[in-house]
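Some notes on the structure that comes next.
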Amino acid sequence: MGRTNPTYRDALRAIEERWAEFRRALRRRDQPRFDRLFEYAREHADASGLLNHQNPLLPALLSINLEQEVRLEEHEGRLSELEQRLSKAGDDQQQSPAEGDTGGSE
């Protein structure tokens, strides 16, 4: 039994190869970022393959968007945690007496 349709992973690999010239033209610092986008697309290759969309680039773009959404939520969570820590530290400083303050009036 032979396969008549390429797998989604094959299609994604072909897309990445078509964009190879674009990648080479990017600044060196952006090339790893470009590669990361395809890693994101590969993370969801199973779901994208089940979709069997006519244009395999669309599920790849949605997969990239999903992974970026995950990263955004993680960063928002970390930011919220840091803001809470800063707020608590600020509250603790306001509650403790200032240096040199005896608490009495002079």
Side-chain angles (χ1 to χ4, degrees):
M1 292 197 315
R3 293 188 178 176
T4 57
N5 294 330
T7 66
Y8 177 76
R9 291 179 195 278
D10 292 336
L12 189 57
R13 202 171 301 115
I15 292 169
E16 192 169 6
E17 288 171 6
R18 281 195 302 268
W19 284 85
E21 291 291 323
F22 177 84
R23 183 192 181 281
R24 276 193 289 279
L26 289 173
R27 291 189 173 110
R28 231 173 246 255
R29 69 174 185 255
D30 291 331
Q31 290 176 357
R33 294 175 181 137
F34 178 87
D35 296 339
R36 195 174 313 127
L37 296 179
F38 278 94
E39 289 173 20
Y40 293 163
R42 283 189 290 275
E43 286 288 318
H44 299 279
D46 292 338
S48 297
L50 287 174
L51 181 62
N52 199 24
H53 198 278
Q54 290 177 343
N55 183 353
L57 184 59
L58 293 178
L61 293 174
L62 186 60
S63 297
I64 291 167
N65 198 12
L66 281 171
E67 286 297 314
Q68 289 180 335
E69 191 68 21
V70 168
R71 289 186 56 154
L72 182 60
E73 286 179 10
E74 289 172 354
H75 289 302
E76 287 173 344
R78 289 175 56 203
L79 178 61
S80 178
E81 182 182 322
L82 289 170
E83 287 173 338
Q84 288 175 0
R85 285 184 190 174
L86 285 173
S87 177
K88 185 178 179 196
D91 291 345
D92 290 347
Q93 277 186 341
Q94 287 178 355
Q95 290 177 0
S96 65
E99 286 185 35
D101 186 10
T102 60
S105 60
E106 294 181 28

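Here the structure is a predicted model, which is why all the values come from computation and not from measurement.
Under the 4.5 Å side-chain heavy-atom criterion for ILVMFWY residues, a single connected hydrophobic cluster contains both L61 and F38. V70 and L62 fall into different hydrophobic clusters, where Ile, Leu, Val, Met, Phe, Trp and Tyr are joined by side-chain heavy atoms under 4.5 Å apart, directly or via other members.
Considering every non-hydrogen atom in both Q31 and L26, the closest pair reads NE2-O, 3.4 Å. Among all heavy-atom pairs drawn from D35 and R42, the shortest one is O-NH2, 4.3 Å.
The side chain to side chain contact (heavy atoms under 4.5 Å, CB included) check on R33 picks up R29, D30, R36, with sequence neighbours excluded. Residues passing the side-chain hydrogen bond (donor to acceptor under 3.5 Å, both in side chains) test with R85 are E81, sequence neighbours excluded.
Remark: R23 does not engage E17 in a salt bridge, criterion side-chain N to carboxylate O under 4.0 Å.
Distance OH/Y40 to CD/E69: 12.0 Å, rounded to 0.5 Å. Note that CG of L51 and OG of S63 are 9.5 Å apart. Values are rounded to the nearest 0.5 Å. Note: R24 CZ to F34 CZ = 10.5 Å, rounded to the nearest 0.5 Å. Interatomic distance, I15 CD1 to L12 CG, rounded to the nearest 0.5 Å: 5.5 Å. Expressed to the nearest 0.5 Å, how far CD of E74 lies from CG of L79 amounts to 13.5 Å. Separating the CD atom in Q94 from the CG atom in D92 is a distance of 9.5 Å, to the nearest 0.5 Å.
Using modelled atom types, one side-chain atom of S48 and one backbone atom of H44 make a donor-acceptor pair closer than 3.5 Å.
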Next item on the list: Step by step, work out the side-chain contact (heavy atoms from CB on, under 4.5 Å) result for L66 and E43.
Entry: CA-CA 10 Å; L66 281 171; E43 286 288 318; over 6 Å; no
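A 4.5 Å side-chain heavy-atom check between L37 and Q68 finds at least one atom pair inside the cut-off. By the 4.5 Å heavy-atom criterion applied to side chains, L72 and E76 are counted as neighbours.
For R13 and Y8, the side-chain atoms include no donor-acceptor pair closer than 3.5 Å.
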